[in-house]
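Below, chain A is the first sequence line, B the second, and so on; all start at residue 1. Note that the coordinates shown come from a computational prediction; the quantities given were computed from them, not determined experimentally.
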Number of protein chains: 2
Amino acid sequence: MIIEIDFNSDEAIYMQLCNQIIYGIATRAFSEGDALPSVRKLSEEIGINMHTVNKAYTVLKDEGFVKVDRRKGVVIAVDINHLEDLKEVKLELLRTLAKASCKGISREEVHGLIDEIYEEYGGYRA
Amino acid sequence: MIIEIDFNSDEAIYMQLCNQIIYGIATRAFSEGDALPSVRKLSEEIGINMHTVNKAYTVLKDEGFVKVDRRKGVVIAVDINHLEDLKEVKLELLRTLAKASCKGISREEVHGLIDEIYEEYGGYRA
DNA sequence: GCGGTTGTTATACATAATATATAACAACCG
DNA sequence: CGGTTGTTATATATTATGTATAACAACCGC
């Protein structure tokens with residue numbers, strides 16, 4: 001899993017980290033139980049501060065993507081609360097699709113995009 | 001069109017304004033050519049600073065949702081660039097669906113959410 | 001136990017983003 | 001002319017973001 005940070009982006013570094021790790025879980029680069037690099041190693045590897053990595057890990061923990069294992073450090077551990085998760089995803093979709101609808105993007109086109117993306121992600125895991 | 005600002009939200013006020021106006025266009029509360037309240041009136045009505053409203057209008061202008069009419073002020077004017085728009089929507093969906101896929105939300109469930117939302121938005125305008 | 005690791009917390013600092021407050025400007029309208 | 005429009009400029013306060021250094025308890029391998 002290669003993590004790339006765009007220092008010219010308007011998106012905060014810790015948020016880029018979060019999104020790339022979530023993307024890594026979705027694309028199976030990370031699996032349940034896998035350990036992430038320690039805050040010190042990852043910060044040194046990327047060339048950023050330790051606290052920036054720690055903030056990303058804290059957000060991922062709060063959002064239920066990782067947990068802290070006293071022996072292994074931070075490990076992938078997806079916490080599922082289906083109704084809650086659906087609600088949050090719908091909220092984000094409401095924003096994105098408002099833009100899409102305004103711009104004349106049809107429902108069928110959106111369904112097509114969903115299929116393209118889920119082909120990459122592979123969908124639900126057994 | 002009633003605009004509600006949550007001052008306890010972690011989302012910037014000008015961004016909440018943008019999103020609500022885009023939502024208003026999607027739900028047909030605003031139509032092409034309709035004038036938005038002036039920066040001074042809207043800021044007074046909501047109880048925020050004039051520049052905050054102006055920043056929201058500037059973002060909407062840059063993203064192609066409104067334009068400035070010397071006589072009517074800021075009016076709804078959706079600028080369509082289909083390929084560009086599709087690309088941006090797909091980028092946002094990549095983020096949202098990565099989360100969804102991690103959380104075990106199936107492709108079919110996402111399609112269902114899309115249909116629910118597009119029912120409210122009404123889809124493409126003739 | 002020792003040395004090194006883990007996440008975590010505290011403090012301090014610098015920069016950028018956000019929001020407010022006043023003020024002024026050209027362009028337009030009745 | 002008087003009042004509106006968006007726009008720009010300046011100044012200030014607060015928060016968010018990122019860095020820097022240091023320390024802590026808990027754990028691991030030796």
Taking OP1 and OP2 of [N], is either one under 4.0 Å from a side-chain nitrogen or oxygen of [X]?
X: A:Thr52; N: D:dT19; value: yes
X: B:Asn54; N: D:dT7; value: yes
X: A:Lys41; N: C:dG4; value: no

Distance-only donor-acceptor test (3.5 Å): side chain A:Arg40, base C:dT5: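 There is none.
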With a 3.5 Å cut-off and heavy atoms only, can you find an N or O donor on one side and an acceptor on the other between the side chain of A:Arg70 and the base of C:dT6?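 Indeed, a donor on one side and an acceptor on the other fall under 3.5 Å apart.
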Within 45° cone of B:Tyr23 ring axis and under 6.0 Å: A:Lys99 NZ or CZ: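 Not satisfied by the 6.0 Å and 45° rule.
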[N] [atom2] sits how many Å from [X] [atom1], rounded?
X: B:Ile13; N: C:dA21; atom1: CD1; atom2: P; answer: 11 Å
X: A:Asn49; N: C:dA12; atom1: CG; atom2: C1'; answer: 13 Å
X: B:Lys67; N: D:dG6; atom1: NZ; atom2: C1'; answer: 15 Å
X: A:Glu44; N: D:dA20; atom1: CD; atom2: P; answer: 12 Å
X: A:Asp69; N: C:dT5; atom1: CG; atom2: P; answer: 19 Å
X: A:Asp6; N: D:dG18; atom1: CG; atom2: P; answer: 12 Å
X: A:Asp62; N: C:dG7; atom1: CG; atom2: C1'; answer: 14 Å
X: A:Lys61; N: C:dT9; atom1: NZ; atom2: P; answer: 7 Å

Under 3.5 Å, which protein N or O atoms sit close to an N or O of nucleotides 9-16 of chain D? Give each pair with its distance.
residue	atom	partner	partner atom	Å
D:dA9	N6	B:His51	NE2	2.5

Does a salt bridge link A:Glu116 with B:Lys90, judged by any charged N lying under 4.0 Å from a carboxylate O?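 A salt bridge is present here (some side-chain N lies under 4.0 Å from a carboxylate O).
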Are B:Tyr118 and A:Glu108 linked by a side-chain donor-acceptor pair shorter than 3.5 Å?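 The criterion, which ignores hydrogens and geometry beyond distance, is not satisfied for A:Glu108 and B:Tyr118.
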Please tell me whether A:His82 and B:Glu109 have a donor and an acceptor in their side chains that are separated by less than 3.5 angstrom.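 A donor-acceptor contact under 3.5 Å links the two side chains.
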Using both distances under 3.5 Å as the test, list the Watson-Crick or G-U wobble partner of C:dC29, or none.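 Pair assignment: C:dC29 / D:dG2.
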In Watson-Crick or G-U wobble terms, both distances under 3.5 Å, what is the partner of C:dA12?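 Base-paired to D:dT19.
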Is the side chain of B:Asn19 donor-acceptor paired with the backbone N or O of B:Gln16 at a distance under 3.5 Å, no angle test?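 Flag not set: sc B:Asn19 to bb B:Gln16 has no pair under 3.5 Å.
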For B:Arg40, does its backbone N or O pair with a side-chain atom of B:Ser43 as donor and acceptor, under 3.5 Å?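 Between the backbone of B:Arg40 and the side chain of B:Ser43 there is a qualifying donor-acceptor contact (under 3.5 Å).
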Mapping A:Ile48 and B:Lys72 to their closest nucleotides on DNA chain D, which lands nearer the 5' end?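 Final value for this comparison: B:Lys72.
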Looking at B:Glu32, I'd like to know if its CD atom is crowded, meaning that more than 12 non-hydrogen atoms belonging to other residues, nucleotides or ligands lie closer than 6.0 Å.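 Atom CD in B:Glu32 is crowded, with more than 12 foreign heavy atoms closer than 6.0 Å.
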